[in-house]
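What follows is a set of notes on a single structure, which appears directly below.
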Amino acid sequence: MKFTAALFFSYLSTASAFAPSSVSVSTRVTTSSSSLNVLLPKLTGQSALDPAVIAKYDALPFPADKIMAEYVWVDADGNTRSKTRTLTPDRAASVDKLPKWNFDGSSTGQAPGDDSEVILKPQAIFRDPFRPRSDGLDNILVMCDTYTPAGEPLPTNTRAVAAKAFEGKDHEEIWFGMEQEFTLFNLDEKTPLGWPQGGMPSRPQGPYYCSVGPENSFGRHVTDAHYKACLYAGINVSGSNGEVMPGQQEYQVGPCVGIEAGDQLMMSRYILQRVCEDFQVFCSFHPKPITTGDWNGAGMHTNVSTKAMREDGGLEVIRKAIYKLGAKHAEHIAVYGTGNELRLTGKHETASMDQFSFGVANRGASVRIGRDTEAEGKGYFEDRRPSSNCDPYIVTGKIMATIMEDVEVPEIKALDKEEA
């Protein structure tokens with residue numbers, strides 16, 4: 001599933017992958033570490049923890065005067081981390097009522113050991129899908145960004161940078177829709193779901209995209225669980241589908257307005273990793289996790305639409321924005337994710353990272369204008385360059401900063417289908 005103009009406007013009005021564990025479900029947890037090692041073998045797709053044991057603790061009632069708040073932040077490597085605290089329910093009414101917190105930044109690569117305290121500032125609240133309650137209250141997930149004790153954003157706080165790009169531009173009503181691709185692996189972190197260990201699938205890519213059947217679709221239980229968990233949390237997930245390479249998946253977040261796009265996408269990644277814990281699978285956001293053979297990479301295509309682009313005459317606004325993106329192509333590529341040179345080769349539905357291009361309905365271009373947008377003369381464009389491991393705050397903030405510049409740039413000839 002891909003974003004369409006209709007989707008934007010609508011907001012206005014594996015059997016083989018889930019091999020059974022060698023441990024019987026009747027096995028019970030013991031206190032020895034050796035027993036725990038037996039309970040958590042490196043097999044894919046099914047937690048070996050006994051559901052009856054987990055259910056015993058899930059059934060315990062929560063106190064009416066307390067909630068659990070999971071504070072989530074982004075570490076020095078762009079991965080999510082989290083820790084839990086107890087709060088009173090009234091604190092969850094808004095981010096302004098949530099207390100700041102701190103963590104040991106020396107353990108996350110964000111502070112030296114002799115001055116390691118990093119401050120967590122709450123920025124967005126989501127319902128916690130992993131700790132549901134039945135008493136009318138919600139435990140919460142809290143998306144935070146990071147600061148020094150003096151109140152300065154850390155160098156790794158890309159949210160603060162993006163917020164400046166959006167500051168004072170609420171009237172632009174910019175929408176982002178992000179297509180997050182990822183690859184599910186066995187816990188050996190080498191074998192994608194649906195692949196033979198140490199080998200390649202017997203069939204080339206082609207039958208796996210949006211597929212059904214045990215010979216084609218691998219990881220549906222994971223993606224369905226993640227989809228539902230995100231909807232429960234309040235994340236604006238708009239779709240999900242199997243991708244071109246077996247074991248590769250995609251979900252879409254958006255439309256989201258401004259800085260909310262980064263908050264929702266980053267929290268959706270956190271939820272995905274938590275879901276993968278339950279299913280005992282490894283999730284990779286690497287843009288080219290398999291470099292041998294004829295296999296697609298993974299990206300985070302980013303769909304963009306301002307208020308002016310959605311109004312009559314919007315197609316010309318879109319084209320001018322694309323020309324500005326082209327003029328700063330190298331700057332964008334530099335911040336669109338690591339390992340992207342392995343993906344943006346001009347093959348497998350990508351443009352070469354060395355040359356900017358755009359076209360209508362051209363998935364071999366850097367930026368694509370959809371057929372429906374062209375036909376209606378307004379809508380959105382899709383930046384196909386960001387990698388699957390990109391920082392959504394950096395990407396959305398950089399796009400906003402570039403297309404809002406008051407500069408004259410050369411027109412760029414569209415790359416039509418025959419030239420793609």
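Source: prediction; values computed, not measured. As a basis for the values below, the full set of heavy atoms in this structure was taken, side chains included, without hydrogen atoms, waters or symmetry mates. Residue numbers run from 1 in the order of the sequence given.
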Does the side chain of [Y] come within less than 4.5 Å of [X]'s, by heavy atoms?
X	Y	answer
Trp295	Pro246	yes
Val395	Ile399	yes
Ile140	Ile67	yes
Cys276	Val222	yes
Asn79	Val74	no
Lys307	Trp175	no
Glu215	Arg203	yes
Leu344	Ser352	no

Report task. Go through Gln252 and Ser238 one step at a time and tell me if the side-chain hydrogen bond (donor to acceptor under 3.5 Å, both in side chains) criterion holds. Result -> CA-CA 6 Å; Gln252 301 92 36; Ser238 49; 4.7 Å; no

Residue list, side chain to side chain contact (heavy atoms under 4.5 Å, CB included) with [X], at least two apart or on another chain:
X	result
Lys347	Thr345
Pro112	Asp114, Asp115
Asp104	Ser106, Ser107, Ser116

Backbone of [Y] reached by a side-chain donor or acceptor of [X] within 3.5 Å:
X	Y	answer
Asn303	Gly177	yes
Gln248	Gly297	yes
Asn362	Leu415	yes
Asn186	Thr191	yes
Ser305	Met309	no

Sequence neighbours left out, what passes side-chain hydrogen bond (donor to acceptor under 3.5 Å, both in side chains) with [X]? Give chain and number order.
X	value
Asp145	Gln123, Tyr147, Asn157
Glu349	Asn296
Arg81	Asp75

Indicate the atoms forming the closest heavy-atom contact of [X] with [Y], along with that distance.
X	Y	answer
Lys328	Glu405	NZ-OE2, 2.7 Å
Ile271	Ala233	CD1-CB, 3.8 Å
Val281	Leu187	C-CD2, 3.9 Å
Ile318	Thr373	CD1-CG2, 3.7 Å
Ala76	Gly109	CB-O, 3.3 Å
Asp383	Ser366	OD1-O, 3.7 Å

Which atom pairs, one a donor and one an acceptor, fall under 3.5 Å between side chains of residues 253-269 and the rest of the protein, sequence neighbours left out?
unit_1	atom_1	unit_2	atom_2	d
Asp263	OD1	Arg159	NE	2.9
Asp263	OD1	Tyr393	OH	2.6
Asp263	OD2	Arg159	NH2	3.0
Gln264	OE1	Asn236	N	2.7
Ser268	OG	Tyr251	OH	2.7
Ser268	OG	Leu265	O	2.6
Arg269	NE	Gln180	OE1	2.9
Arg269	NH1	Cys390	O	3.0
Arg269	NH2	Gln180	OE1	2.9
Arg269	NH2	Ser388	O	3.1
Arg269	NH2	Cys390	O	2.8

Working to the nearest 0.5 angstrom, can you tell me the gap between [X] [atom1] and [Y] [atom2]?
X	Y	atom1	atom2	result
Ile174	Thr306	CD1	OG1	6.5 Å
Ser240	Arg220	OG	CZ	9.0 Å
Thr223	Leu184	OG1	CG	7.5 Å
Asn102	Lys121	CG	NZ	15.5 Å
Glu243	Phe182	CD	CZ	10.0 Å
Leu137	Met68	CG	CE	14.0 Å

For residues 88-97, which side-chain donor-acceptor pairs fall under 3.5 Å, sequence neighbours excluded?
unit_1	atom_1	unit_2	atom_2	d
Thr88	OG1	Asp90	OD1	2.6
Arg91	NH1	Lys97	O	2.9

Report task. Might you confirm whether atom NZ of Lys324 has over 12 heavy atoms from other residues, nucleotides or ligands at distances under 6.0 Å? Result ->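 Counting neighbours around NZ of Lys324, more than 12 heavy atoms of other residues, nucleotides or ligands fall under 6.0 Å, so yes.
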
Query raised in the report: Does atom NZ of Lys83 have more than 12 heavy-atom neighbours, drawn from other residues, nucleotides or ligands, at distances under 6.0 Å?
Result: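 Yes, because the 6.0 Å sphere around NZ of Lys83 holds more than 12 heavy atoms from other groups.
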
Requested in this report: Quick one: which residue pairs count as a side chain to side chain donor-acceptor pair (under 3.5 Å) with a foot in residues 394-404, not counting sequence neighbours?
Outcome: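 Sorted result for residues 394-404: Glu331-Lys398, His332-Thr402.
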
Requested in this report: Not counting sequence neighbours, which residues clear ring-ring contact (aromatic ring centres under 6.0 Å, His included) with His348? List them please.
Outcome: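 In terms of ring-ring contact (aromatic ring centres under 6.0 Å, His included), with neighbours along the sequence ignored, His348 is linked to no residue.
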
Report task. Could you walk me through whether Arg368 and His301 pass side-chain hydrogen bond (donor to acceptor under 3.5 Å, both in side chains), step by step? Result -> CA-CA 10 Å; Arg368 180 181 70 91; His301 302 155; over 6 Å; no

Is it true that [X] and [Y] make a salt bridge, defined as a side-chain N closer than 4.0 Å to a carboxylate O?
X	Y	value
Glu341	Lys288	no
Glu382	Arg384	yes
Glu374	Arg371	yes
Asp312	Lys378	yes
Glu70	Arg131	yes

Report task. Mind jotting down which residue pairs meet the ring pair (Phe, Tyr, Trp, His ring centres under 6.0 Å) criterion with at least one end in residues 89-118? Sequence neighbours excluded, please. Result ->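 Found Tyr71-Trp101, Trp73-Phe103.
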
Query raised in the report: Please, which pairs that meet ring pair (Phe, Tyr, Trp, His ring centres under 6.0 Å) have at least one residue in residues 117-145, sequence neighbours excluded?
Result: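 Qualifying pairs: none.
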
Query raised in the report: Within 45° of the ring axis of Tyr336 and under 6.0 Å from its six-membered ring centre, is that where the NZ or CZ of Arg385 lies?
Result: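 Negative - Arg385 is either too far from the ring of Tyr336 or too far off its axis.
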
Query raised in the report: Given the rule in the side-chain contact (heavy atoms from CB on, under 4.5 Å) test, do Asn389 and Thr338 qualify, once you have shown the distances and angles that lead to the verdict?
Result: CA-CA 7 Å; Asn389 63 4; Thr338 58; 3.0 Å; yes

